[in-house]
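Below is one structure, written out as C-alpha cells, with a few remarks after it.
Everything numeric here is computed off the predicted structure, so don't read it as measured data.
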Amino acid sequence: MSDFAQHLIRWQKAHGRHNLPWQGTRDAYRIWLSEIMLQQTQVGTVIPYYLRFLERFPNLARLADAPLDEVLALWSGLGYYSRGRNLHAAARLVMERHGGAFPEYIEDIIALPGIGRSTAAAIAAFAYGAHCAILDGNVKRVLTRHFGIAGHPGAKKTETELWLLAESLLPAHQVNTYTQALMDFGATLCTRAKPRCASCPLGSSCVALATDSVARLPTSRPKKITLQKTTRMLILRHAGEILLEKRPPTGIWGGLWSLPEADMETDLAHHCRTHLGMEVATAANLPALRHSFTHFRLHIAPLLLDVTRLFPRVEQAEQLWLAPRDALSAAIPAAVRKLLQQLVALEAPG
DNA sequence: AAGGCGGGGCC
DNA sequence: GGCCCAGCCTT
C-alpha cells in the first residue's frame with residue numbers, strides 16, 4: 001500500500017467523521033441517496049434533508065412508488081432539482097431493470113441517471129467494498145496539492161491525469177475506509193481556504209507545502225474573458241411609431257420585443273427593404289450604449305431612421321410591431337427601454 | 001461579487 | 001468531445 005493511502009487510513013481512524021447518518025450502513029439505497037445529496041451540497045446542509053427524506057421514503061420501492069412532486073417537495077431548498085428528478089427516475093429504473101435491488105456492478109450503477117463515474121465508485125466502495133476510485137472536488141484538491149499537479153482540474157488533460165493517479169493510489173484493502181478518508185480529509189483538513197497544514201499527517205511528502213504552493217492549488221478555472229460584441233440597433237420611425245421585432249423564444253432576451261438589429265457592415269437600405277419591408281432614409285446616429293450580460297458586453301450603435309415607404313406585409317408580420325411610443329411598458333429589454341427613453345428626451349421640444 | 005461544485009444536455 | 005448550466009453556499 002502506498003504511504004499516501006496508509007497515512008490517510010490511519011488519519012481517518014483517528015480524526016475522520018464516523019457518525020454521519022449515512023455511515024455504518026451497507027444499504028445501497030441510503031448510501032446512494034447520501035451521495036446524490038452530497039453532490040454540490042455540504043454535509044451540514046444535507047443532514048436534515050437526508051433524515052426527512054428517509055423518514056418519508058425508507059426504501060427504494062417506496063421512493064419509486066411516490067409521485068415526483070412529493071420527491072421534489074422534500075428536495076425543496078437543496079437546489080439542483082434535476083438531482084431529485086434523476087433520483088426518482090433511477091428508483092423506477094431499478095424496479096424495472098433489477099427487480100428493486102440496487103445494482104452491484106459498476107456498469108449498471110453508472111447507467112442510472114444522476115450517477116456519474118465518481119458517484120458510482122463511491123456507492124460501490126461504501127456499499128460493496130468495491131475496488132473503485134472516486135474523484136470529487138475534495139479528492140481533486142487533495143491530489144493536486146499533495147502531488148503538485150498544476151492545471152485546472154476541470155480541464156480534460158488534468159482530469160485524466162488525476163483519474164489515473166487516483167486509481168494508482170487505491171489500496172488493496174479497506175477501500176471504503178480509504179475513500180471516506182479522502183472525503184473527510186479534504187472536507188476538514190485540506191480545505192479550500194485555510195487548510196490546516198500544521199496538523200497534516202501527509203505534510204512531509206506534500207509537494208504544495210514544500211513549494212509554498214498550497215494557496216495556488218488546485219489551479220482555479222481560467223477567468224473567462226468577457227466577450228465584446230457590437231451591434232446596430234435600428235430605430236425605425238413611422239408616423240410617430242417605432243418598429244419593434246419579437247426575438248426568438250430562446251437565447252438573449254428570449255421572446256421580448258426589441259429593436260431590429262444589423263451588423264455594422266450591413267447595407268441598411270437593402271436590409272430594410274428585403275428583411276423588414278420598408279424604404280428608409282437615414283436620420284442620425286445616436287450616442288453609443290453599453291450593456292453587460294453575464295458572458296459578454298454588448299456595444300450598441302443606435303441608428304435613427306425614417307421610414308419613407310412601408311410595404312403592406314409589415315403590418316401583417318407577427319414578429320413585427322409598429323409600436324406607439326408608450327409601448328415602453330411592454331416586454332422590452334432594459335437596454336432597449338433606455339435607448340427609447342433617450343430618443344423621447346431627444347425629440348422633446350427645447 | 002465571485003467562484004466551487006458532479007452530471008446531463010447541447011452542439 | 002468541449003461548453004454551459006443549475007441553485008445554494010462560502011469566502
Side-chain angles (χ1 to χ4, degrees), chain A residues 22 31-50 52-53 68 71-93 106-126 132-145 149 151-163 166 179 182-196 214-227 229 248-252 254 292-297:
Chain A
W22 45 85
I31 292 164
W32 168 43
L33 176 63
S34 75
E35 290 302 327
I36 299 301
M37 286 189 166
L38 288 165
Q39 292 171 354
Q40 330 297 342
T41 312
Q42 300 207 331
V43 165
T45 308
V46 163
I47 289 175
Y49 282 88
Y50 179 80
R52 243 177 292 147
F53 199 97
L68 175 62
V71 177
L72 294 179
L74 281 168
W75 210 271
S76 175
L78 261 187
Y80 278 95
Y81 298 96
S82 62
R83 292 184 295 172
R85 290 177 197 284
N86 285 332
L87 187 82
H88 184 244
R92 294 189 165 180
L93 281 173
I106 194 98
E107 302 81 29
D108 294 332
I109 298 175
I110 208 170
L112 295 170
I115 302 179
R117 181 172 172 185
S118 187
T119 301
I123 296 170
F126 291 137
C132 297
I134 62 162
L135 188 65
D136 66 7
N138 284 323
V139 181
K140 286 175 176 173
R141 189 168 54 251
V142 172
L143 295 186
T144 53
R145 282 178 178 165
I149 296 171
H152 177 55
K156 191 70 195 163
K157 180 164 173 279
T158 315
E159 192 160 47
T160 303
E161 183 181 355
L162 289 171
W163 270 116
T179 301
L182 275 174
M183 293 177 167
D184 290 4
F185 185 79
T188 65
L189 194 151
C190 195
T191 48
R192 186 148 71 93
K194 299 181 189 170
R196 297 163 42 226
V214 176
R216 286 193 295 274
L217 291 172
T219 306
S220 52
R221 76 149 58 224
K223 278 203 205 283
K224 277 188 252 183
I225 43 154
T226 39
L227 285 176
K229 296 191 186 182
T250 55
I252 297 299
S292 288
F293 294 90
T294 316
H295 297 107
F296 62 94
R297 175 170 289 174

Pair A:M37-A:Y49, side chain to side chain contact (heavy atoms under 4.5 Å, CB included): steps then yes or no: CA-CA 8 Å; A:M37 286 189 166; A:Y49 282 88; 4.1 Å; yes

Working for side chain to side chain contact (heavy atoms under 4.5 Å, CB included), residues A:D136 and A:M183: CA-CA 8 Å; A:D136 66 7; A:M183 293 177 167; 4.2 Å; yes

CA sep, side-chain torsions, deciding dist, call: A:W22, A:L33, side chain to side chain contact (heavy atoms under 4.5 Å, CB included): CA-CA 9 Å; A:W22 45 85; A:L33 176 63; over 6 Å; no

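A search for side-chain contact (heavy atoms from CB on, under 4.5 Å) contacts involving A:L112 returns A:A90, A:L93, A:V94, A:R97, A:F102, A:P103, A:I115, not counting sequence neighbours. Residues satisfying the side-chain contact (heavy atoms from CB on, under 4.5 Å) test with A:S220, not counting sequence neighbours, are none. For the ring pair (Phe, Tyr, Trp, His ring centres under 6.0 Å) test, residues two or more places apart in sequence or in another chain that qualify with A:F185 are A:W11.
A:R83 and A:N86 share no donor-acceptor pair across their side chains, judged by distance under 3.5 Å alone.
Scanning residues 106-119 of chain A for heavy-atom distances under 4.0 Å to DNA chain C yields an empty list.
Following rounding to the nearest Å, A:L135 (CG) and B:dG4 (P) show an atom-to-atom distance of 16 Å. At whole-Å resolution of the value, CZ in A:R221 and P in B:dC5 are 10 Å apart. The NZ atom of A:K140 sits 18 Å away from the P atom of B:dG3 (whole-angstrom rounding). Distance NZ (A:K156) to P (B:dG6): 16 Å, rounded to an integer number of Å. Between the CG atom of A:L93 and the P atom of B:dG8 there is a distance of 12 Å, given to the nearest Å. Between A:W32 atom CH2 and B:dG6 atom P there is a gap of 19 Å when expressed in whole angstrom units. When rounded to the nearest whole Å, the span between NZ of A:K157 and C1' of C:dC3 equals 20 Å. For the pair A:L217 CG and B:dG4 C1', the computed distance is 16 Å after rounding to whole Å.
Between C:dC9 and B:dG8, the two C1' atoms lie 22 Å apart (nearest whole Å). Using P as the reference atom, B:dG3 and C:dC4 are 14 Å apart when rounded to the nearest Å.
A distance-only check finds a donor-acceptor pair linking the side chain of A:T144 to the backbone of A:R141 [under 3.5 Å]. A donor-acceptor pair is defined here as one N or O able to donate and one able to accept, closer than 3.5 Å; no such pair exists between the side chain of A:R85 and the backbone of A:L72. Judged by distance alone, with hydrogens and angles left aside, the side-chain atoms of A:Y50 form no donor-acceptor pair with the main-chain N or O of A:T45 at under 3.5 Å. A:S34 contributes a side-chain N or O that, together with a main-chain N or O of A:I31, makes up a donor-acceptor pair within less than 3.5 Å.
Among the protein residues, A:S220 comes within range of the sugar-phosphate backbone only, with heavy atoms under 4.0 Å from sugar or phosphate atoms but none that close to a base. The residue A:R85 sits apart from the nucleic acid: no heavy atom pair falls under 4.0 Å.
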Are there any protein N/O atoms within less than 3.5 Å of an N/O atom in nucleotides 9-11 of chain B, and if so, which ones and at what distance?
none

Please write out each protein N/O paired with an N/O of nucleotides 8-11 of chain C under 3.5 Å, distance rounded to 0.1 Å.
residue	atom	partner	partner atom	Å
C:dC8	OP1	A:Y81	OH	3.0

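Heavy atoms only, all atoms of each residue included: A:P153 and A:T158 are closest at CA-CG2, 3.9 Å.
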